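Some notes on the structure that comes next.
Keep in mind the model is a prediction, meaning the values are calculated, not measured. Throughout, residue positions are numbered sequentially from 1 according to the sequence presented.
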Amino acid sequence: MPNDTWGKARDELRQTVGKNNFVTWIEPLKLSSLANGVARFEVPTTFFGDWVSRNYSDHIRHQLANHGSPVDRLEFAVTRNAATRPNGTSLEPAETRPAAPARAASNNDDLPGAPLDARFTFDSFVVGKPNELAHAAARRVAEGGPVTFNPLFLYGGVGLGKTHLMHAIAHELQARRPELRVLYLSAEQFMYRFVQALRDRQIMDFKGLFRSVDVLMVDDVQFIAGKDSTQDEFFHTFNALVDQNKQIVISADRAPGEIKDLEERIKSRLQCGLVVDLHPTDYELRLGILQQKAEFYRQQYRDLKLADGVLEFLAHRITTNVRVLEGALTRLFAFASLVGREITLELTQDCLADILRASDRKVTVEEIQRKVAEHYNVRLSDLIGPKRLRSIARPRQIAMYLAKQLTPRSLPEIGRRFGGRDHTTIMHGVRKIEELMATDSQLADDLQMLKRLLQG
């Protein structure tokens, strides 16, 4: 029987393509016929069929052949009858079909989003002063009620919890409102799928797919900056969803206005909702994260003892980001388990010597000069050189100010690294920036962002 053969092939495919890929791309396929060397499948959308054909046809043909049904080619037809679709939902775009009651099955089977990390939930997110506003805003969106701010824009440095909150929102929405079509993916994936649709002349399928969702979540949106065609399609998708009162959640490593090469019209749209900054972690938040993580590991390593003061030591010493902090604790528990020793301060210092050394890294004057030159789009040689043009002199003074604030170098030492300038010149530049900070809000914002980049 064809369906018996397909059932056995599906079981093998689950092992070969991985669970997430199987659930997203193989499970929704419905075998309609298997004859004369052709396997015909019903699929939810044209885009879906094209994707499976390009990426999984060889896998499918191989497994069918292994179970006694060799085929020369696969054919895919879009299911026109709503009753035959895997999750029993209509194929009409969301904006044209009538409202449907909540369904027990997932309504996201045909959405080509990124897999969600089961660890990233609201329960596992440690809330502290640096991230409490972002957490509260994410919670509000995850309730799935009427859209109150659109989009929600989360930004901050590496390892501060942006992606964790994005996944948590998606998990909560899927649990609370399974009828909603929730699509989470990175900006890079959005760009890739758009380029693929252009190449394969499937742009209308692309538009229909992305504009039929109820919640669109795009991570690391800074990666579409400078990609003109992708930005144009993102802009129109954004507007179409907002016009339908659909929720949009965006994340980036900096505020919308600070993303270089991002079109002004997109910056304007992103700033019209709620923009929330996840600040660098403070000591209390880092300690809370470590305590939660340690409690989890105590369940796994029941025989291990953790000495007093170890978590406080790590929270004080490792200040870069949460990923490094959690990774250090993971390594520490694994090492202590392997050697069968109590986790003491001495063991911690031996096991994490490289991480602790990296965390002690000091910002250098040369690094400051490079970051400032890059931020203000001036040549490094001009920043250090003798030119006195205002477009160069002001970034130079900012670099001098940051060198004085973030490094232990003396004024004469800083002067030598700025083309052999006298220490009084450095002092003048530092004072000038201190004066301007009180009146120039843009300058103050620039300094805050540069400090975050240098210290992150």
Can you see which heavy atom on Ala187 is nearest to which on Val221, and at what distance?
-> CB-CA, 3.7 Å
Glu258 with Arg254: basic N within carboxylate O range, under 4.0 Å = no
Return yes if some donor-acceptor pair links the side-chain N/O of Asp440 with the main-chain N/O of Met437 below 3.5 Å, else return no.
-> no
Closest contact, heavy atoms only, Glu326 versus Ile289 | OE2-CG2, 3.8 Å
Side chain to side chain, Lys246 and Val213, heavy atoms closer than 4.5 Å = no
Counting only N and O atoms by type, is there a donor-acceptor contact under 3.5 Å from the side chain of His167 to the main-chain atoms of Arg119?
-> no
Can you name the one residue among Tyr184, Phe206, Phe223 that meets ring pair (Phe, Tyr, Trp, His ring centres under 6.0 Å) with Phe190?
-> Phe206
Thinking salt bridges, do Asp232 and Arg265 make one under a 4.0 Å N-O criterion?
-> yes
Are Ile266 and Leu270 close enough that some pair of their side-chain heavy atoms sits under 4.5 Å apart?
-> yes
CD of Glu172 to CD1 of Ile169: how many Å apart, nearest 0.5 Å?
-> 10.0 Å
Is there a side-chain contact between Lys267 and Glu263 (heavy atoms, below 4.5 Å)?
-> no
Nearest heavy-atom pair of Ala137 and Leu274: which atoms, and what distance?
-> CB-CD2, 3.7 Å
CD-CZ distance between Gln369 and Arg417, expressed to the nearest 0.5 angstrom = 8.5 Å
Between Asp303 and Arg298, is there a salt bridge with N-O shorter than 4.0 Å?
-> no
In terms of ring plane angle, is the pair His316 and Tyr283 parallel, tilted or perpendicular, where the classes change at 30° and 60°?
-> perpendicular
Between the main-chain N or O of Glu264 and the side-chain N or O of Ser268, is there a donor-acceptor pair closer than 3.5 Å?
-> no
Under 3.5 Å, side chain of Gln222 to main-chain N/O of Ile259, donor-acceptor pair present?
-> no
So, do Leu13 and His59 sit near enough that their side-chain heavy atoms are less than 4.5 Å apart?
-> yes
Between Thr330 and Tyr297, does a side-chain hydrogen bond (donor to acceptor under 3.5 Å, both in side chains) hold up when you go through it step by step?
-> CA-CA 8 Å; Thr330 300; Tyr297 281 133; 2.5 Å; yes
What's the shortest heavy-atom distance between Leu173 and Ala142, and which atoms?
-> CD2-O, 3.5 Å
Can you check whether Asp277 reaches Leu154 side chain to side chain, under 4.5 Å on heavy atoms?
-> no
Between the side chains of Gln442 and Asp446, does any donor sit under 3.5 Å from an acceptor?
-> yes
Between Leu402 and Lys451, is a side-chain contact (heavy atoms from CB on, under 4.5 Å) present by the stated rule, with each step listed?
-> CA-CA 8 Å; Leu402 290 171; Lys451 284 181 179 179; 3.8 Å; yes
Heavy atoms of other groups near Asn377 CG, more than 12 under 6.0 Å = no
Within a radius of less than 6.0 Å around CG of Asp308, do more than 12 heavy atoms belonging to other residues, nucleotides or ligands occur?
-> no
Counterpart residues, salt bridge (Lys or Arg N to Asp or Glu O under 4.0 Å), relative to Arg421 (two or more places apart) | none
Going by atom types only, do Arg286 and Thr319 share a side-chain donor-acceptor pair under 3.5 Å?
-> no
Leu116 and Gln174: side-chain contact (heavy atoms from CB on, under 4.5 Å), yes or no, with the steps?
-> CA-CA 11 Å; Leu116 299 176; Gln174 289 178 356; 3.9 Å; yes
When you measure from the side chain of Asn150 to the backbone N and O of Ile248, does any donor-acceptor pair fall under 3.5 Å?
-> yes
Please say whether more than 12 non-hydrogen atoms of neighbouring residues, nucleotides or ligands are located less than 6.0 Å from CZ in Arg431.
-> no
For residues Lys432 and Arg394, determine if any side-chain heavy atom of one lies less than 4.5 Å from a side-chain heavy atom of the other.
-> yes
Side-chain donor-acceptor pair present, Thr121, Asp123, cut-off under 3.5 Å = no
Do Leu216 and Val218 pass the side-chain contact (heavy atoms from CB on, under 4.5 Å) test, and can you show the C-alpha distance, the side-chain angles, and the key distance before you say yes or no?
-> CA-CA 7 Å; Leu216 176 62; Val218 181; 3.9 Å; yes
Give a yes or no answer on whether the side chain of Thr237 reaches the backbone of Glu233 with a donor-acceptor pair at less than 3.5 Å.
-> yes
Given the side-chain rings of Phe194 and Phe234, with only the six-membered ring counted for Trp, is the space between their centroids under 6.0 Å?
-> no
Calculate, to the nearest 0.5 Å, the distance between atoms NE2 and CG belonging to His236 and Leu241 respectively.
-> 13.0 Å
Heavy-atom nearest pair, Ala399 first then Ile368, reads O-CG2, 3.7 Å
Is atom NZ of Lys404 surrounded by more than 12 heavy atoms (other residues, nucleotides or ligands) closer than 6.0 Å?
-> no
Quick one: do Ile318 and Leu356 satisfy side-chain contact (heavy atoms from CB on, under 4.5 Å)? Show the steps, please.
-> CA-CA 7 Å; Ile318 302 177; Leu356 295 173; 4.2 Å; yes
Donor-acceptor contact present, side-chain Asn131 to main-chain Ala134, <3.5 Å | no
For the atom pair CG (Asp261) and CD1 (Ile224), what is the distance rounded to the nearest 0.5 Å?
-> 11.5 Å
Backbone of Asp382 reached by a side-chain donor or acceptor of Arg396 within 3.5 Å | yes
Parallel, tilted or perpendicular: which describes the rings of Phe120 and His164, with under 30° parallel and over 60° perpendicular?
-> parallel
Lys260, NZ: over 12 other non-hydrogen atoms inside 6.0 angstrom = yes
If you measure from the Lys or Arg side-chain nitrogens to the Asp or Glu carboxylate oxygens, is any gap between Lys129 and Glu284 under 4.0 Å?
-> no
Without hydrogens or angle criteria, can the side chains of Asp214 and Gln247 be said to hold a donor-acceptor pair below 3.5 Å?
-> no
Find out whether Thr407 and Thr364 are in side-chain contact, i.e. whether some heavy atom of one side chain is under 4.5 Å from a heavy atom of the other.
-> no
Do Lys387 side-chain atoms and Ile392 backbone N/O form a donor-acceptor pair below 3.5 Å?
-> no
Are a donor atom and an acceptor atom from the side chains of Asp219 and Thr163 found within less than 3.5 Å of each other?
-> yes
Would you indicate whether Glu366, at its atom CD, is surrounded by more than 12 heavy atoms from other residues, nucleotides or ligands within a distance under 6.0 Å?
-> yes
Validate the cation-pi geometry between Arg139 and Phe122: distance from NZ or CZ to the six-membered ring centre under 6.0 Å, angle to the ring axis within 45°.
-> yes
Spacing of CG belonging to Leu311 relative to CD belonging to Gln292, to within rounding of 0.5 Å | 12.5 Å
Between the main-chain N or O of Ser410 and the side-chain N or O of Glu413, is there a donor-acceptor pair closer than 3.5 Å?
-> yes
Side-chain contact, heavy-atom cut-off 4.5 Å: Val276 with Phe153?
-> no
Gap between atom OG of Ser251 and atom CG of Asp220 - 0.5 Å precision | 5.0 Å
Which heavy atom in His423 sits nearest to a heavy atom in Pro412, and how many Å separate them?
-> CB-N, 3.8 Å
Tyr301 atom OH, over 12 foreign heavy atoms within 6.0 Å | yes
